[in-house]
There are 2 protein chains.
Amino acid sequence: MLGRAAPRSRRQTRATVLENLLRTGGAFRSAIARETRLTEASVSRILAELRSENLVQETRHPAPYAGGPTSLVTLSNDVAVAGIELSNSRLSFGVGDLGGTLDYVDRMPASPQLDQDEFERLFRTSAAAMQAWTDKRGIAVRQVALSIPGYGREAGNPIYPWDVTRLRDFLGEALPGMPLALTNSVVAQAAFHRYSPSTSYPVAGNHLFLFVGHGVAGVIVNEAASIDAFSAFEIGHMVIERNGLLCRCGHRGCIEAYTSLRAISPIVGLDASEILNRGDSFIDVHGLDSDVRAALRERLVMLGLGLGNALNLHPLSSVVISGWPSLMPEDDRAAIIAGIDESLLGGFDERRLSLSFVAPSIGNDPRAALYYAAYCFVSGGGLDARADAHAALEEIA
Amino acid sequence: MLGRAAPRSRRQTRATVLENLLRTGGAFRSAIARETRLTEASVSRILAELRSENLVQETRHPAPYAGGPTSLVTLSNDVAVAGIELSNSRLSFGVGDLGGTLDYVDRMPASPQLDQDEFERLFRTSAAAMQAWTDKRGIAVRQVALSIPGYGREAGNPIYPWDVTRLRDFLGEALPGMPLALTNSVVAQAAFHRYSPSTSYPVAGNHLFLFVGHGVAGVIVNEAASIDAFSAFEIGHMVIERNGLLCRCGHRGCIEAYTSLRAISPIVGLDASEILNRGDSFIDVHGLDSDVRAALRERLVMLGLGLGNALNLHPLSSVVISGWPSLMPEDDRAAIIAGIDESLLGGFDERRLSLSFVAPSIGNDPRAALYYAAYCFVSGGGLDARADAHAALEEIA
DNA sequence: CGTTATATTTACACTGTGTAATTACTGTGC
DNA sequence: GCACAGTAATTACACAGTGTAAATATAACG
């Protein structure tokens, strides 16, 4: 009658343990065993294996009480990963360890209208510089992640309308021998918030991470899962007002057409290029007069309306919002709740839905991509990417 | 380099094999092995086990070619399951086998306004009759499924606003010793379409099954999965028109407020009670004059709009619609496509999204619940429900 | 320096599977 | 009717991954 859990492959188990270490930043074995639903014996075996591969370290620690745990397990900081972020204003490369320490950073200005040729030129130069740096130190980069705004949309990327096949081919060639993960910037942001020890993330448990910036994009963060913890959630182009404002996607009435930075720029009286220059923090909250705030509140109601609709389809008990809405005064942010109340079944109820805000992480690039790379590395079990074909088969099954 | 698939528990493997048999209606071992991604050796072992428990049968079959397969494996028709359906007009009980054969049917009229007390009285009587029938024949019902319209909504059931805890307690007592699954009617319908050999279901692969009747509800049918193949998809209360028509959920502008039977009743000129009497087939298509049809088309556009929104959040490449829209002429149904085109990113494209229609399954009650019971039975591996605690643990892990 | 309490490792057993050898079965040709 | 060919079905064996429980290590405390 006792529950023998569903068996896992070694790769999965390794991934679970490694992800736990990445998320907690280090733990004693008992905590690992508890959180990964493994026995201490299994943890012991897995850790012995990981240690022999130099993926984890154990730092001796005075026991807090008689017979207490003695060694704190942490991810090895010998493992190098790289993060690359393309944002609307620059292309940044970074190399660091699994703890999020950046040992190398290189940032280049990049136009929001970057075309694919220019991108390749820019990328190739920076990639070569990074590789020179790693080669000099004899560092082997185990995983690279590149995050791009708008990436992953089936109907093409509305921000950088590039050919994805060409992009992949180019990257494979420009970063030879390094396993590469391509992802949406929002996913990387979510990874940043989840794994960075510096951000005090307001929720535990599954939630929706919503970013409202040049686009409006979401990620469902599945806290329970160590693999496939992030799944993109295309909410920005939900039509909430039939025959409403024209959106860049060609439709009318999308959430993005009401709440993106571009959409609110006329309200705050800045033109699009100015906004792009200032980045996500373009709102000077204190300088807004009351009718501007009222107009922005109206837009936040729209956001809430769409959010409520989304939560009807995909129930989650907490939502974390980042981007310009998180810079607004609390009174104004309440407009989002009003919108949710109009669409979420049963209305907004703080006992059933927690809504919180985190500041957009400006100037941290390419930290988010670095964390995402770390996530990719650990969720592959820390095994060589050559075995990825193998892994892919497993995931499918 | 060869991919060893993620290991499965015996329960999972059994479930996979049994579900395959349920879906195909019987297969040769080679096909089972292929579709379940097991080796023939494993299939052999599992089938030996299942046969010893009388869950499967092998019927000898002349080999189609020299050395060809000789025994066709089918689910045993000794396994009894029961389906109970509450619809807006009646409560039906049925007992049958895993092949969908109904050996016992009992249907009682039930008011759409049935309150919980009346329901319990009605249910108890019918349950006793069913049990008398099974007892007389010495039949042990291995799984019961009860489907209720509107069931499973977090914010309570808008159709039968009952106390769910009380309902569960009551059912546990009224059906002693029988494992019970409670589900939404739409989920049962989806199971019916998936498993009934009589319905020619227009799609293969993951899809959304959408039913538009008294409510508007969807199910995501995950064809690849043998367990958790159905997940409810609450689409009816997506707000598509701010400050639009009042919905019974209290909000304004929900899809349901535009497209449910009750919502279109003024258009077709029938009052609500008349509609309830006629059931889902209330539309006499040939008798509709052109302005009524135009008005209904407008409602179908709304439905499509919401559907496109939903598909942005949850990409699927095919949708099957049942309910009154499937009774409309093809020209009118195209309005749904027009609506989708307004909201689905990239617009409607028949190469990326297939839309099809199936007639609502009227008068088949309680077949849908019976198939759902069969599904529940097999996805539990055909093991005694006593081991369910065990199973639950596994599922969580 | 032993005692105590707990952490960590290890030996062994058990489940679930795949591989490959073995056995069973069926139609064909003589 | 019977050997043969060709494939199906079973089985013996090996191996991965894990849990249980016994054995061993470690640190605080007296």
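Sequence lines set the chain letters: A, B, ... in the order given, protein chains first and strands last, and positions in each chain run from 1.
Using a 4.0 Å cut-off between charged side-chain N and carboxylate O, A:E49 and A:R14 make a salt bridge. Salt-bridge formation is detected for the pair B:R194/B:E19: a Lys NZ or Arg NE/NH1/NH2 atom is positioned less than 4.0 Å from an Asp or Glu carboxylate oxygen.
For the pair B:E49 CD and C:dT15 P, the interatomic distance rounds to 11 Å; values are reported in whole Å. For the pair A:R8 CZ and D:dT18 C1', the computed distance is 10 Å after rounding to whole Å. For the pair B:L38 CG and D:dA9 P, the computed distance is 15 Å after rounding to whole Å. Following rounding to the nearest Å, B:E40 (CD) and C:dA21 (C1') show an atom-to-atom distance of 15 Å. Taking atom CD1 of residue B:I46 and atom C1' of nucleotide C:dG18, one finds them 13 Å apart after rounding to whole Å. Straight-line distance from the CZ atom of B:R51 to the P atom of D:dA9: 10 Å, rounded to whole Å. In this structure, A:L72 places its CG atom 14 Å from C1' of C:dA7, rounding to the nearest Å. Between the CZ atom of A:F28 and the C1' atom of C:dA7 there is a distance of 11 Å, rounded to whole Å.
Map A:T39 and A:T70 each onto its nearest nucleotide of DNA chain D; the residue landing nearer the 5' end is A:T39.
For A:P69, counting side-chain heavy atoms from C-beta on, the closest listed nucleotide (C:dA7, D:dT11, D:dT20) is C:dA7. If you check C:dT9, C:dT17, D:dT18 against the side chain of B:R10, the one that comes closest is C:dT17. Comparing D:dT11, C:dT8, C:dG16 against the side chain of A:S71 picks out C:dT8 as the nearest.
Partner of B:V17 under the side-chain contact (heavy atoms from CB on, under 4.5 Å) criterion, out of B:I32, B:V378, B:V73, B:V56: B:I32 alone.
When ring centroids are compared, B:F192 and B:Y372 stay outside the 6.0 Å threshold.
Nucleic acid contact class of B:R14 (heavy atoms, under 4.0 Å, all strands): none. In this structure, A:R29 reaches the sugar-phosphate backbone alone: every heavy-atom distance under 4.0 Å involves primed, P, OP1 or OP2 atoms, never a base.
Residue A:T13 places no side-chain N or O under 4.0 Å from the OP1 or OP2 atom of D:dG17. At D:dA27, one or more side-chain N or O atoms of A:R60 fall inside 4.0 Å of OP1 or OP2 (strictly under the cut-off). Remark: B:S44 is in phosphate contact with D:dT10, judged by side-chain N or O atoms under 4.0 Å from OP1 or OP2.
Classification of the B:H193-B:F209 ring pair by plane angle, with boundaries at 30° and 60°, yields tilted.
One donor-acceptor pair, N or O on each side, does fall under 3.5 Å between the base of D:dG19 and the side chain of A:R45.
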